[in-house]
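When reading the values below, keep in mind they use all heavy atoms of this one structure, side chains included, and skip hydrogens, waters and symmetry mates.
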Amino acid sequence: MPAIADCAADPPLADSYYALLRLGGDDDDDACTKVTTTPQPVSECELPMIDVGCLTAPTGAAAAAAVGQQHQAEERAACAAAIAAAAAEWGFFQVVNHGVAQELLEAMRREQARLFRLPFEAKSSAGFLNDSYRWGTPTATSLRQLSWSEAFHLPLAGISGKSCNYGDLTSLRDVTREVADAMSRLARALARVLAESLLGHAAGERFPEGCDDATCFLRLNRYPPCPFPPDDAFGLVPHTDSDFLTVLCQDHVGGLQLMKGSRWVAVKPIPGALIVNIGDLFQAWSNNRYKSVEHRVMTNATTERYSVAYFLCPSYDSPIGTCREPSPYKAFTFGEYRRRVQEDVKKTGKKTGLSNFLLSLTVYKYW
Ligand SMILES: C=C1C[C@]23C[C@@]1(O)CC[C@H]2[C@@]12CC[C@H](O)[C@@](C)(C(=O)O1)[C@H]2[C@@H]3C(=O)O
Ligand SMILES: O=C(O)CCC(=O)C(=O)O
Ligand SMILES: [Fe+2]
């Protein structure tokens, strides 16, 4: 592993900042991202908190005998109902007893810090961690499109793949693999109860089809301190996630905000809890019942912030489909969706997302 040199570790985000400032590009017409002279105060919210122990605990014979199968079934039904209600109302919730060990998450944070402390040249060099390093916003044309952050967007297939040379980063690989496995179990259990809540038990059991190790991603995010005013650039620009659902572990620093009603609210970090959010694919599949909610990360002037996100994605050739006809959306595959998002971001600097795939501009409300 190259020598650790803190001073050269940060990506040249300030260069991007000044270049965009000089460019003076038009700010968005989007009210949510517009720079306002008097920014609206953002209140802090407590996301619905759900104990998902009954979904993640091993269902051994001893456990069944002790608790009683009837009671277990009732507990599972109540948990599923709380998850479905939060996905419909908030698009976001928090979980405890989630099955991802606290020591593992702490080890992940240590490995992540070590990884991001590598010199920028090493992180961005060809082939490093399968070319998964991203920083800033290469497509930005205005300051408000700049994400003051760096990330490794890791396809899970690549983590164990021999094609990737980890060198001295083998401990990072092992921890990453373990976190991905544990988050994957949680994400699948949640996706399944969300599908069951709309389809019934037997049909929901097969959900999500087409999602496996080769198709999901783990994203390691780092938000360096940002010396510029928080109204100039974001830590991560407002977006919805292009997946079925995301499991997120944020540290104690805070900065994540989400849209609730038509206001931004800040998510208070709760030690030990993981955050779950619905992505675009679940919103489409559920005919808008579950909400893929816009979220963003604010910058912090003094303190760096870390997060890890697990994205539950199907293979590119998977049709997304619907839980029930008629769907408000045209039929599309995940590959078509990703391509359209990338084209839009390249052309306009912004993701348009699901509205590109609506059958008509009528606002559908099914639920
Ligand atoms: C420029 C963009 C790429 C992105 C969508 C966005 O408009 C803003 C955030 C980006 C991000 C970050 C996390 C995930 O990697 C991602 C897949 C997502 O859902 O939001 C990407 C988006 C993307 O490349 O589709
Ligand atoms: O860092 C966070 O809190 C959010 C990250 C996020 O939204 C993403 O990676 O898609
Ligand atoms: Fe996100």
**Q** Indicate whether the side chain of R134 and that of S149 have a donor and an acceptor atom separated by less than 3.5 Å.
**A** no
**Q** Cation-pi check for F234 against R144: NZ or CZ below 6.0 Å from the six-membered ring centre and within 45 degrees of the axis, yes or no?
**A** yes
**Q** Taking T240's backbone N and O only, do any of them form a donor-acceptor pair with E294's side chain (distance below 3.5 Å, no angle check)?
**A** no
**Q** Quick check: does any side chain N or O of Q283 sit under 3.5 Å from a backbone N or O of S292, one acting as donor and the other as acceptor?
**A** yes
**Q** What is the ring orientation for H153 with F311, classed by angle as parallel under 30°, tilted 30 to 60°, or perpendicular over 60°?
**A** tilted
**Q** Describe, in one word, how the ring planes of F207 and W285 are oriented to each other, choosing from parallel (under 30°), tilted (30 to 60°) and perpendicular (over 60°).
**A** tilted
**Q** Does a side-chain heavy-atom distance below 4.5 Å link C216 with R188?
**A** yes
**Q** Evaluate the side-chain proximity of L143 to Y18: yes if any heavy-atom separation is below 4.5 Å, no if none is.
**A** no
**Q** Please say which of F120, F152, F116 ends up in a ring pair (Phe, Tyr, Trp, His ring centres under 6.0 Å) with W135.
**A** F120
**Q** Are the side chain of K123 and the backbone of E121 linked by a donor-acceptor contact shorter than 3.5 Å?
**A** no
**Q** Using every non-hydrogen atom in the two residues, find where C313 and T215 come nearest and quote the distance to one decimal.
**A** O-OG1, 2.7 Å
**Q** So do S147 and Y223 actually touch side chain to side chain, heavy atoms under 4.5 Å?
**A** no
**Q** Could you tell me whether K260 sits above the aromatic face of W90, with NZ or CZ closer than 6.0 angstrom to the six-membered ring centre and within 45 degrees of the axis?
**A** yes
**Q** Could you check if a side-chain atom of K351 sits within less than 4.5 angstrom of a side-chain atom of D280, using non-hydrogen atoms only?
**A** yes
